[in-house]
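Read through the structure below, which is laid out as structure tokens, and then see the notes.
Per chain, numbering begins at 1; letters A, B, ... match sequence-line order. Everything quoted here is computed from the prediction, not taken from an experiment.
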2 protein chains.
Amino acid sequence: MAADHRQHTVFKMKKEPRQARSRASVEAMLQACARILERRGYAGLSTNAVAEVAGVSIGSVYEYFPGKEAIVARLAESLLAETTDLLQGRLAMTDQRSELNVAMRHFLGALHALMHQHRRLLRVLVFQVPYLHQLPATRKLQQELQTVLQEGLKRTHEQYRVSVSPTTLYLMSTSAAGTLMHMVLMAPPSMGAEPVLDALSQRLTQWLVSMPAS
Amino acid sequence: MAADHRQHTVFKMKKEPRQARSRASVEAMLQACARILERRGYAGLSTNAVAEVAGVSIGSVYEYFPGKEAIVARLAESLLAETTDLLQGRLAMTDQRSELNVAMRHFLGALHALMHQHRRLLRVLVFQVPYLHQLPATRKLQQELQTVLQEGLKRTHEQYRVSVSPTTLYLMSTSAAGTLMHMVLMAPPSMGAEPVLDALSQRLTQWLVSMPAS
DNA sequence: AGTTTTTCCGAGTATATGCTCAGGTTAAGA
DNA sequence: TCTTAACCTGAGCATATACTCGGAAAAACT
């Protein structure tokens with residue numbers, strides 16, 4: 001039976017580990033899951049393999065996770081949460097003294113660095129995990145991207161205070177995300193990241209500047 | 001045994017059908033494959049299911065395909081080829097009398113329409129098929145996008161003859177592709193396609209116009 | 001110490017899926 | 001018509017994977 005008809009409870013943990021010992025076990029399972037995903041892909045991931053690589057028994061896996069979907073979901077959630085945190089942290093650093101184009105470049109640079117760091121895992125999550133984009137954390141991250149863009153504008157120098165329509169906001173965030181994704185996951189080695197990030201941030205900034213002020 | 005260690009011959013057909021009867025069988029298998037992918041996802045796809053839905057025996061499937069990867073690959077190749085043809089066809093229609101922004105809008109509109117038409121299948125192919133982006137047709141399509149952009153520029157009115165760096169070309173194509181992908185596969189219903197396409201083509205055009213002429 | 005809760009174990013069962021093969025049927029060629 | 005090649009069949013074998021369950025060991029609690 002395919003995994004598609006199951007309830008969405010398969011994405012949640014069965015029970016939270018209470019003692020230090022079990023917390024270490026769960027951590028080992030998650031690390032094992034990441035290792036297997038990077039090396040063998042989602043199709044090569046099985047609960048038995050997770051148990052073996054993590055050095056625990058198969059029974060222990062099912063003690064905490066209802067199935068492999070839940071392990072992957074947990075792993076993805078933590079990565080997505082890390083990214084969301086990064087965005088919020090960067091936003092907190094941005095104030096009225098910041099130059100819009102500089103702030104934009106820093107945002108994109110930090111985001112790119114984080115994605116690049118986890119690129120092997122990210123590739124599998126994005127391209128092979130069927131339920132990734134219906135995870136709450138995914139939607140939260142996408143929303144966060146737009147929020148950060150909007151808030152960042154408000155906080156930078158007054159001369160850039162412009163009114164941004166939802167369409168524009170959407171276009172900017174999807175353009176940026178699409179380019180970052182392509183660079184990290186699909187770009188040929190010949191394409192250096194720095195020039196593209198420079199050009200991208202410059203473009204986004206000029207785009208905003210050219211809009212009617214509010 | 002995971003499917004990851006196999007040779008890349010799994011992506012090719014075993015033998016070409018010669019008679020009309022067998023060509024119909026293969027066609028039925030491909031249609032069945034598409035149906036199953038749309039309804040059950042890649043994880044729900046099996047050679048047995050393809051045989052059943054197509055109304056042929058499992059033996060016949062293995063007569064023409066070495067495994068399910070080859071069926072999916074064939075299906076994807078035809079969809080990608082259709083897209084590449086569309087781009088080339090549009091390019092042939094573009095001449096020096098065309099306005100750049102109008103031509104750009106038509107390109108994006110046609111591309112979006114095609115993607116939207118196949119969005120259910122496309123979603124599964126993009127997000128669940130591990131080997132999609134290593135298919136020759138995928139690379140060809142990506143290359144075609146950049147070529148069309150570059151050629152389209154050369155063919156439109158002289159005033160737009162500008163020199164476009166590889167970085168810019170890359171940035172424009174990934175931005176456009178990223179936005180189209182997000183719109184077709186992930187956008188909330190509230191986001192209408194037309195305004196976004198209008199804004200996108202306008203943006204790309206203005207971007208080019210603002211560059212130094214060659 | 002005694003009791004309860006948490007954690008862990010792993011052989012074993014059920015099931016799904018990939019794929020073969022020996023042989024039958026239909027169409028094309030001579 | 002006879003021969004050959006193409007095409008089709010589906011029961012069945014091999015394997016892999018999800019998941020259970022009875023019970024043991026360790027930790028926490030009283």
Distance check needed: [N] [atom2] versus [X] [atom1], whole Å only.
X       : N      : atom1 : atom2 : answer
A:Gln19 : D:dA25 : CD    : C1'   : 12 Å
A:Glu52 : D:dA18 : CD    : P     : 13 Å
A:Met29 : D:dC19 : CE    : C1'   : 15 Å
A:Tyr62 : C:dT13 : OH    : C1'   : 13 Å
A:Arg21 : D:dA28 : CZ    : P     : 8 Å
A:Lys68 : D:dA16 : NZ    : C1'   : 12 Å
A:Lys14 : D:dC21 : NZ    : P     : 10 Å
A:Ile58 : C:dT13 : CD1   : P     : 17 Å

OP1 or OP2 of [N] versus the side-chain N and O atoms of [X]: is any pair under 4.0 Å?
X       : N     : value
B:Ser22 : D:dA6 : no
A:Ser60 : C:dC9 : yes
B:Ser25 : D:dC8 : yes
A:Ser57 : C:dC8 : no
A:Arg18 : C:dT6 : yes
A:Tyr64 : C:dC8 : yes

Are A:Glu151 and A:Arg155 within salt-bridge range, i.e. N to O under 4.0 Å? yes
Mapping A:Asn48 and A:Gly59 to their closest nucleotides on DNA chain D, which lands nearer the 5' end? A:Asn48
Ring pair (Phe, Tyr, Trp, His ring centres under 6.0 Å) for A:Phe11 and A:Tyr131? Distances and angles first, verdict last. CA-CA 9 Å; A:Phe11 300 141; A:Tyr131 41 89; 4.7 Å; yes
Roughly how far apart are A:Leu180 CG and A:His112 NE2, rounded to 0.5 Å? 6.5 Å
Would you find more than 12 non-hydrogen atoms of other residues, nucleotides or ligands less than 6.0 Å from A:Arg119 atom CZ?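 Result for CZ/A:Arg119: enclosed.
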A:Leu185: which of A:Arg120, A:Arg123, A:Met115 passes side chain to side chain contact (heavy atoms under 4.5 Å, CB included):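 When A:Arg120, A:Arg123, A:Met115 are each tested with A:Leu185, the side chain to side chain contact (heavy atoms under 4.5 Å, CB included) holds only for A:Arg123.
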Between B:Ala20 and B:Ala49, name the one whose nearest nucleotide on DNA chain C is closer to the 5' end.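 Nearer the 5' end of the strand: B:Ala49.
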